[in-house]
Amino acid sequence: MTLDNVVGQDRAKQSLNLLTHGYKRRGFLPPVGIFGGSGLGKTHLVDSWAEDIGAKSIYVNGTAVKDALAFRGFFEEAYSNQTQHFIIFIDECHGLPRKAQENLLSVLEQPAILCTVAPKDMGSVRCVDGRRFIDKGDIMREELPKNMSFVLATTDPAQLKEPVLNRLRKIQLAPYTMEDKINIAMSHLESQGVSVDTVIHRALAQRSRSIRHLKAELCETFMDIKTLNQDDDNTSLDTLDDMLGIDSDGANDQDKDYLEYLTENPTVGVDTMAGKLGVDKLQVVKHIEPFLLEKGWVCITGRGRRLTDAGFTKITGEN
């Protein structure tokens, strides 16, 4: 899978192709920041780009990194195989501890220098070259091999330290259009040998909350139902809705509870809404509202969440 096969994100792909051109000319890649909402395909985009330039992508979940020493194992792999280019892909990088972000500052420069302080509560720490050790309390500055590049991806760049942000070549992902989603559904089904009418591609796209949700849940479940029951496409779609608890727009009971509450309370704060739905505020902001906003059913004002005319029609059936 290369960038040419990635559906949508044309501006991001153009920026990455330009970086590829610079890489071939200069022999190195600047650190890149990829920003965008959940489900926009950041991992897929980076993996495809890595394949384009013949690099190996090493995935790091930023929320799982507890201290700067956690990076060293990934760096050692690149050091031990300097004929291969490596992209260290740090996803959800806003979850990195502040100390780990500070440790990245010198790494995101040219030349990349890794500064390590061996904690006093640990024994000696092995250097990236795999041969030297530093004793607890000592400091080591190591120049990292030039076959390493860094891509930091996040849904919330405001949580990154300003010096980290300033070192990144920034790429902003855009929401997928309905046409993009239709093409993604068609491509995914056809890759599995399932050919259906474009009406089904559109119906699946209409129900999707993200690209991951479209491919991994909607398309896969539809294929399983269709092949297991040998039903026609529309019957398989009805079974899909029933199994997943959604309607033809992709709205579930939680979405409808949200909209119904706004019919009774014209303006609602996010904390109040989270309490009403019985979920964490982050769940509302990150997982429920993006779908409702994309559908145009709600809007967010300075005073709180409000129902749009389309949202009112959706929940009441009245114009």
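Quick caveat: nothing in here was measured; it's all calculated off a predicted structure.
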Verdict with supporting geometry, L262 and F312, side-chain contact (heavy atoms from CB on, under 4.5 Å):
CA-CA 9 Å; L262 287 180; F312 181 81; over 6 Å; no
Please answer whether the main-chain N or O of S195 pairs with a side-chain N or O of E190 as donor and acceptor at a distance below 3.5 Å.
no
Knowing that exactly one of I200, D224, L204 qualifies, which makes a side chain to side chain contact (heavy atoms under 4.5 Å, CB included) with C219?
L204
Under 3.5 Å, side chain of D242 to main-chain N/O of D238, donor-acceptor pair present?
no
Taking all atoms of both residues into account, what is the closest heavy-atom pair of M223 and L189, and its distance?
CG-CD2, 3.4 Å
Would L259 end up clustered with M273 when hydrophobic side chains under 4.5 Å apart are linked, directly or stepwise?
yes
Closest approach of R167 to P31 (non-hydrogen atoms, all atoms of both residues):
O-CG, 3.1 Å
How close do C93 and T154 get, counting heavy atoms only, and between which atoms?
SG-CB, 3.7 Å
Give a yes or no on whether the backbone of K99 and the side-chain of N103 come within a donor-acceptor separation of less than 3.5 Å.
no
Backbone of L237 reached by a side-chain donor or acceptor of K226 within 3.5 Å:
no
Residue pair E294, R209: steps toward the side-chain contact (heavy atoms from CB on, under 4.5 Å) verdict
CA-CA 9 Å; E294 181 184 350; R209 305 182 83 90; over 6 Å; no
Short question: side chain of K42, backbone of G36 - any donor-acceptor pair under 3.5 Å?
yes
One thing to verify: whether E289 and R305 come together as a salt bridge, which I'm taking to mean a side-chain N less than 4.0 angstrom from a carboxylate O.
yes
Can you get from F291 to I300 by hopping between Ile, Leu, Val, Met, Phe, Trp and Tyr side chains that sit under 4.5 Å apart?
yes
Could you tell me whether a side-chain N or O of D180 sits under 3.5 Å from a main-chain N or O of T177, the two making a donor and an acceptor?
yes
With a 4.5 Å heavy-atom cut-off, do N229 and T235 have their side chains touching?
no
For I211 and K181, run side-chain contact (heavy atoms from CB on, under 4.5 Å): C-alpha distance rounded to whole Å, both residues' side-chain angles, the deciding distance at 0.1 Å, then the answer.
CA-CA 7 Å; I211 298 306; K181 292 181 179 181; 4.2 Å; yes
Shortest non-hydrogen contact from G8 to Y176?
CA-CE2, 4.3 Å
Check this for me: does any side-chain nitrogen of one of K314 and D247 sit under 4.0 Å from a carboxylate oxygen of the other?
yes
E92 with K286: basic N within carboxylate O range, under 4.0 Å:
no
Can any side-chain N or O of Q101 pair as donor or acceptor with the backbone N or O of L96 at less than 3.5 Å?
yes
Give a yes or no on whether V7 and V194 share a hydrophobic cluster (residues Ile, Leu, Val, Met, Phe, Trp, Tyr; joining criterion: side-chain heavy atoms under 4.5 Å apart).
yes
The test is side-chain contact (heavy atoms from CB on, under 4.5 Å); show your working for N61 and D91 and say whether it passes.
CA-CA 5 Å; N61 188 328; D91 195 14; 5.7 Å; no
Could you tell me whether the side chain of Q110 and the main chain of L29 form a donor-acceptor pair under 3.5 Å?
no
Taking W297's backbone N and O only, do any of them form a donor-acceptor pair with T308's side chain (distance below 3.5 Å, no angle check)?
yes
Are L307 and V285 connected, step by step, through hydrophobic side chains (Ile, Leu, Val, Met, Phe, Trp, Tyr) whose heavy atoms are closer than 4.5 Å?
yes
Heavy-atom nearest pair, R169 first then P30, reads NH2-CG, 3.8 Å
Between I182 and I246, is there shared hydrophobic-cluster membership here, with clusters defined by ILVMFWY side-chain heavy atoms closer than 4.5 Å?
no
Going by heavy atoms in the side chains, are I225 and M243 under 4.5 Å from each other?
yes
Shortest non-hydrogen contact from D255 to G250?
OD2-O, 4.1 Å
With no hydrogens and no angle check, is any side-chain donor or acceptor of N147 less than 3.5 Å from a backbone partner on N81?
yes
Derivation and outcome, salt bridge (Lys or Arg N to Asp or Glu O under 4.0 Å), residues D241 and R207
CA-CA 9 Å; D241 290 344; R207 289 160 168 77; 2.8 Å; yes
